[in-house]
Number of protein chains: 2
Amino acid sequence: MDNPLKSQPYVPINGDDYDNSSLAQRVAEQLRNLIMEGTLAPDSQLPNEPDLSTFLRVSRSTVRSGLTILEQAGFIQRRWGVGTFISKNPPTYNNLNINSGVTQLIRSSGAEPGFVEFLISARPASEHIAGRLSLEPGDEVVALERVRTANDRRVVFSLDYIPKALFRDQGAEIPLTEVENYLVEHQSMYTFFRERLGMEIHHGIARIRPLAAEAYMAEKLAIPYGSSILNIEQVDIGNDGEPLALSDEYYVADAFTFYSYRSN
Amino acid sequence: MDNPLKSQPYVPINGDDYDNSSLAQRVAEQLRNLIMEGTLAPDSQLPNEPDLSTFLRVSRSTVRSGLTILEQAGFIQRRWGVGTFISKNPPTYNNLNINSGVTQLIRSSGAEPGFVEFLISARPASEHIAGRLSLEPGDEVVALERVRTANDRRVVFSLDYIPKALFRDQGAEIPLTEVENYLVEHQSMYTFFRERLGMEIHHGIARIRPLAAEAYMAEKLAIPYGSSILNIEQVDIGNDGEPLALSDEYYVADAFTFYSYRSN
DNA sequence: TTGATGGAGATGTCAGACATCTATCGTCGG
DNA sequence: CCGACGATAGATGTCTGACATCTCCATCAA
């Protein structure tokens with residue numbers, strides 16, 4: 001067999017790190033990674049479901065459940081009586097259906113992510129921010145202000161707001177300096193949530209708007225006044241449905257191209 | 001029972017009009033419509049799967065398959081051992097994950113859709129258009145140019161390109177005047193595809209870009225020069241994976257707000 | 001040459017059983 | 001009185017095996 005799956009080492013999907021998600025979700029995640037890494041080529045055919053079942057050591061119904069997830073997300077296409085195929089243009093990290101962070105987005109474009117003008121502070125939430133995060137106005141939030149760079153070019157200006165009440169480890173408050181140090185090293189807020197706070201982001205709801213750069217934004221992003229900007233304001237939701245973070249991101253128009261898979 | 005589903009008349013999902021899609025997809029579509037219409041309220045709990053199974057007259061596995069589709073699309077949320085719930089903020093027609101047309105988008109916002117400056121013509125495809133539609137440069141396409149209005153306000157400038165070879169009914173060419181008459185009456189390209197050409201659009205892949213209005217666009221949309229515009233260039237794909245249409249739409253910035261559900 | 005036909009192989013659907021998780025409520029001990 | 005614990009009901013998750021249906025393709029007959 002020249003099937004890519006056959007040459008992959010067997011990865012146990014019943015590991016200890018995944019206790020929170022279902023088997024089917026893990027199957028989907030595993031196959032999705034193989035697609036996004038390019039191991040499974042676009043337009044190629046997957047093994048049939050019984051073979052996938054034995055390979056992944058789960059039942060056929062679980063395989064089918066995972067495949068349904070991938071199909072709905074646009075990664076694969078199933079043709080009754082024929083087979084299951086990787087999509088011709090499967091989603092990538094610049095797809096709005098996938099909740100990837102700026103760091104991953106930059107890295108997947110082949111550039112080196114970085115940042116300048118990093119600011120972190122605690123402040124009372126404005127009415128707008130409190131509304132998005134289901135807080136009371138005045139509740140404290142931790143605010144991050146960053147200018148993100150790709151190969152040292154300024155491409156994104158991002159504002160992140162996280163309820164201060166979340167920064168706790170067994171009751172003890174986590175100092176902002178620790179958060180700062182973590183972000184300087186890892187750059188990703190998402191991994192901090194998972195590894196340090198033990199919280200999983202389930203999904204995000206993003207609002208997309210076109211903007212023209214006013215003076216402040218033009219200076220931050222080093223672009224001419226009036227340049228086009230894509231604004232994505234996103235609320236990240238946890239497993240229990242509660243808002244975990246609000247991120248307000250401003251993308252230089254020609255730095256990235258965003259796509260969306262729209263199902264009928 | 002005060003369950004909304006119980007008071008719904010039974011809708012046979014094995015009808016003749018749906019021969020092309022699977023049972024699970026029809027289940028998902030039916031429940032999705034109930035959610036988007038507001039019959040099933042946000043945050044409310046669905047009946048359990050065995051009850052849904054008997055109500056919809058399909059097996060529990062088919063119900064589960066349909067629910068998986070809805071879950072992945074952000075309409076519902078399942079909690080193991082607890083139940084299935086309508087999402088707090090389920091997707092609406094202004095969601096980029098859903099392939100709704102401009103007409104439906106305007107109507108769902110509570111406004112009356114219309115258009116001015118309607119143009120239809122056949123012309124050879126440019127290199128760009130041919131590439132998107134998997135044609136050879138020079139192949140004929142039907143081009144639609146429309147300024148769409150919401151309550152008589154100009155909100156979208158849209159360009160649609162469809163391979164001329166698709167406009168056939170049992171071998172006979174469909175005259176452009178008929179297409180024109182249909183669009184004047186129904187305004188929707190999607191229904192024309194389904195009802196007149198017998199073709200189903202399976203999904204679309206959209207590219208989202210922020211723009212500043214240059215002179216031509218500013219005139220068409222009656223907005224100041226340099227105003228922000230959201231450009232969505234979308235390729236609609238049929239059930240067999242072939243491109244059916246290319247639509248290039250320019251949205252006045254403050255006319256609509258687009259959202260996207262981003263799953264992790 | 002062409003149309004019908006049948007088989008192989010794939011996904012789709014069904015049925016029933018069991019596994020596992022969650023919330024709740026009672027019981028028991030402090 | 002109150003908290004910890006366990007039983008239990010009820011929900012979703014997983015497994016198994018069977019059958020249905022669709023597609024493609026090779027074969028065969030007109």
Side-chain angles (χ1 to χ4, degrees), chain A residues 1 3 5 12-14 16 18-31 44-72 75-87 200 202 238-241, chain B residues 1 3 5 12-16 18-31 44-72 75-87 200 202 238-242:
Chain A
M1 299 248 190
N3 192 302
L5 282 182
I13 56 183
N14 291 299
D16 294 332
Y18 301 92
D19 281 344
N20 214 5
S21 60
S22 69
L23 259 181
Q25 286 173 330
R26 279 173 261 165
V27 167
E29 187 181 338
Q30 192 170 340
L31 290 176
S44 64
Q45 183 171 6
L46 267 92
N48 63 30
E49 294 171 352
D51 283 357
L52 278 176
S53 169
T54 57
F55 174 72
L56 295 169
R57 316 265 183 115
V58 296
S59 73
R60 192 189 152 210
S61 38
T62 300
V63 167
R64 283 185 57 74
S65 193
L67 291 180
T68 300
I69 294 176
L70 292 178
E71 180 183 31
Q72 171 61 25
F75 286 98
I76 63 172
Q77 206 163 335
R78 300 204 270 197
R79 294 168 60 191
W80 192 353
V82 181
T84 303
F85 301 83
I86 313 289
S87 294
E200 202 76 37
H202 181 270
N239 279 324
D240 296 331
Chain B
M1 298 249 192
N3 193 304
L5 281 183
I13 55 184
N14 290 299
D16 294 332
Y18 301 93
D19 281 344
N20 215 1
S21 60
S22 69
L23 259 180
Q25 285 173 330
R26 280 173 259 165
V27 167
E29 188 181 337
Q30 193 171 339
L31 291 176
S44 65
Q45 184 171 6
L46 261 75
N48 63 33
E49 294 170 354
D51 284 356
L52 280 176
S53 170
T54 58
F55 174 72
L56 295 169
R57 316 263 183 115
V58 296
S59 72
R60 192 188 153 212
S61 29
T62 301
V63 167
R64 282 184 58 73
S65 194
L67 291 179
T68 300
I69 293 176
L70 292 177
E71 180 183 31
Q72 227 295 324
F75 286 97
I76 63 172
Q77 205 162 335
R78 298 204 270 197
R79 293 169 60 193
W80 191 354
V82 181
T84 303
F85 301 83
I86 314 288
S87 294
E200 202 75 38
H202 181 270
N239 279 325
D240 296 331
E242 82 287 8

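A, B, ... follow the sequence lines: proteins, then strands. Residue 1 opens every chain.
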_Atom pair CG (B:N239) and CZ (A:R79), whose distance is rounded to the nearest 0.5 Å_ = 10.0 Å
*When we call it a touch if two heavy atoms are under 4.0 Å apart, what does B:T62 touch: a base, just sugar-phosphate, or nothing?*
sugar-phosphate
*Counting any heavy atom closer than 4.0 Å, what does B:T84 reach on the DNA or RNA strands: base, sugar-phosphate only, or nothing?*
sugar-phosphate
Below the 4.0 Å mark, does [N] have OP1 or OP2 next to a side-chain nitrogen or oxygen of [X]?
X: B:R64; N: D:dG13; value: yes
X: A:S61; N: D:dG13; value: no
X: A:S22; N: D:dT12; value: no

Given atom [atom1] of [X] and atom [atom2] of [N], what is their separation to the nearest angstrom?
X: A:Q77; N: D:dT23; atom1: CD; atom2: P; answer: 14 Å
X: A:L23; N: D:dT16; atom1: CG; atom2: P; answer: 12 Å
X: B:R26; N: D:dT21; atom1: CZ; atom2: C1'; answer: 12 Å
X: B:L56; N: C:dC14; atom1: CG; atom2: P; answer: 11 Å
X: A:L67; N: C:dT13; atom1: CG; atom2: P; answer: 14 Å
X: B:I76; N: D:dA11; atom1: CD1; atom2: C1'; answer: 14 Å

_Quick check on DNA chain D: between A:S53 and A:V82, whose nearest nucleotide comes earlier from the 5' end?_
A:S53
*Looking at side-chain heavy atoms only, is the closest gap between B:L52 and B:L67 below 4.5 Å?*
yes
Got a donor-acceptor pair under 3.5 Å from the side chain of [X] to the base of [N]?
X: B:R79; N: D:dG13; value: no
X: B:W80; N: C:dT20; value: yes
X: B:R60; N: D:dG13; value: yes

*Does the pair B:R78 and B:T68 meet the rule for a side-chain hydrogen bond (donor to acceptor under 3.5 Å, both in side chains), with working shown?*
CA-CA 9 Å; B:R78 298 204 270 197; B:T68 300; 2.7 Å; yes
